[in-house]
Amino acid sequence: MIKSELVQRIAAQNPHRYQRDVENIVNAILGEIIAALSRGDRVELRGFGAFSVKHRPARTGRNPRTGAHVAVERKSVPFFKTGKEMRERLNREG
Amino acid sequence: MAGKTVTRADLCEAVYQKVGLSRTESAMLVELVLKEITDCLERGETVKLSSFGSFIVRKKGQRIGRNPKTGKEVPISPRRVMVFKPSAILKQRINPGLDGGHKA
């Protein structure tokens, strides 16, 4: 499923609403998650999962082809941990 | 550093502020968005949200794990796990200083 399909499915369940509005709603949600992570905040959605930011220190890496040392800057990466209910739902019948 | 935790209530507030629905409707729609994504993943389908990232369901075969406390070997049953692959845009937003997105 891609974003436009998600919007269509939600619009189908809310016939009184313009599809454009549904699109804005989906974008507002995703935008808020991105904004929170870029502030370094955590986003916790019970039953779904939690987004957080992990910080990776600077390190010396290697170019795997040439073996040359390269400096890798410190960086932050987004991280998602699946929620308990989601994990259970993925493994219901097994 | 990371101080605050953002929850459903904050997402509802964002929808309320930006789209101008009532608070009740905003809450209902936030829930519906999460439900649709969850249902899709439960069916084993990938969910791709452009400029945000993708949620992918992976199947894991059985493997041998170890109880870290006792050191005993225990079989880990086959299972499905979900992974989030952040988009290049999201990664870049989190690293404002860097030139960002060397790779996808």
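Residue numbers begin at 1 in each chain, while the letters A, B, ... track the order of the sequences.
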Enquirer: For chain A, find which of L29(B), I89(B), D10(B) contributes the most heavy-atom pairs closer than 4.5 angstrom.
Expert: L29(B)

Enquirer: Can you say whether R46(A) sits under 4.5 Å from chain B via the side chain, the backbone, both, or neither, judging by heavy atoms?
Expert: both

Enquirer: Out of D21(A), I33(A), V22(A), which one racks up the most heavy-atom pairs below 4.5 Å with chain B?
Expert: I33(A)

Enquirer: What part of E5(A) gets closer than 4.5 Å to chain B, counting heavy atoms only: side chain, backbone, both or neither?
Expert: neither

Enquirer: If we ignore angles and hydrogens, is there a donor and acceptor under 3.5 Å between the side chains of E23(A) and Q19(A)?
Expert: no

Enquirer: Any idea which of N14(A), V26(A), V43(A), V7(A) has the most non-hydrogen atom pairs under 4.5 angstrom with chain B?
Expert: V43(A)

Enquirer: Do NZ/NE/NH1/NH2 and the carboxylate oxygens of R43(B) and D39(B) come within less than 4.0 Å?
Expert: no

Enquirer: With a 4.5 angstrom heavy-atom cut-off, could you sort out which part of V19(B) is near chain A: side chain, backbone, both or neither?
Expert: side chain

Enquirer: Should Q62(B) and P75(B) count as side-chain neighbours, where that means a heavy-atom distance under 4.5 Å?
Expert: yes

Enquirer: Keeping the roles fixed (side chain from R80(B), backbone from L90(A)), state whether a donor-acceptor pair exists under 3.5 Å.
Expert: yes

Enquirer: Given that the side chain runs from C-beta out, which part of L21(B) has a heavy atom under 4.5 Å from chain A: side chain, backbone, both or neither?
Expert: side chain

Enquirer: Can you tell which part of T46(B) gets under 4.5 Å to a heavy atom of chain A, answering side chain, backbone, both or neither?
Expert: backbone

Enquirer: Does any heavy atom of chain A fall under 4.5 Å from the side chain of E25(B), the backbone, both, or neither of them?
Expert: side chain

Enquirer: Using a 4.5 angstrom heavy-atom cutoff, name the option from N27(A), T82(A), I25(A) with the most pairs to chain B.
Expert: I25(A)

Enquirer: Which atoms of V33(B) come close to chain A, meaning under 4.5 Å heavy atom to heavy atom: side chain ones, backbone ones, both, or neither?
Expert: both

Enquirer: What part of F51(A) is in contact with chain B, defined as an atom under 4.5 angstrom from a non-hydrogen atom: side chain, backbone, both or neither?
Expert: side chain

Enquirer: Just do the side chain to side chain contact (heavy atoms under 4.5 Å, CB included) check on V77(A) and R56(A) with the steps written out, would you?
Expert: CA-CA 7 Å; V77(A) 292; R56(A) 308 257 186 261; 3.6 Å; yes

Enquirer: Find the one option among G47(A), G49(A), A36(A), P78(A) whose heavy-atom pairs under 4.5 Å with chain B are most numerous.
Expert: P78(A)

Enquirer: Report the relative orientation of the aromatic rings in F80(A) and F55(B); use parallel for angles under 30°, tilted for 30 to 60°, perpendicular for over 60°.
Expert: perpendicular

Enquirer: Would L37(A) and R93(B) count as a side chain to side chain contact (heavy atoms under 4.5 Å, CB included) if you check the C-alpha gap in whole Å, the side-chain angles of each, and the deciding distance to 0.1 Å?
Expert: CA-CA 8 Å; L37(A) 293 175; R93(B) 284 286 305 272; over 6 Å; no

Enquirer: With a 4.5 angstrom heavy-atom cut-off, could you sort out which part of S54(B) is near chain A: side chain, backbone, both or neither?
Expert: neither

Enquirer: With clusters defined by side-chain heavy atoms of hydrophobic residues (ILVMFWY) lying less than 4.5 Å apart, directly or transitively, does I56(B) cluster with L6(A)?
Expert: no

Enquirer: Can you tell if the side chain of E42(B) reaches within under 4.5 Å of the side chain of R92(A), non-hydrogen atoms only?
Expert: yes

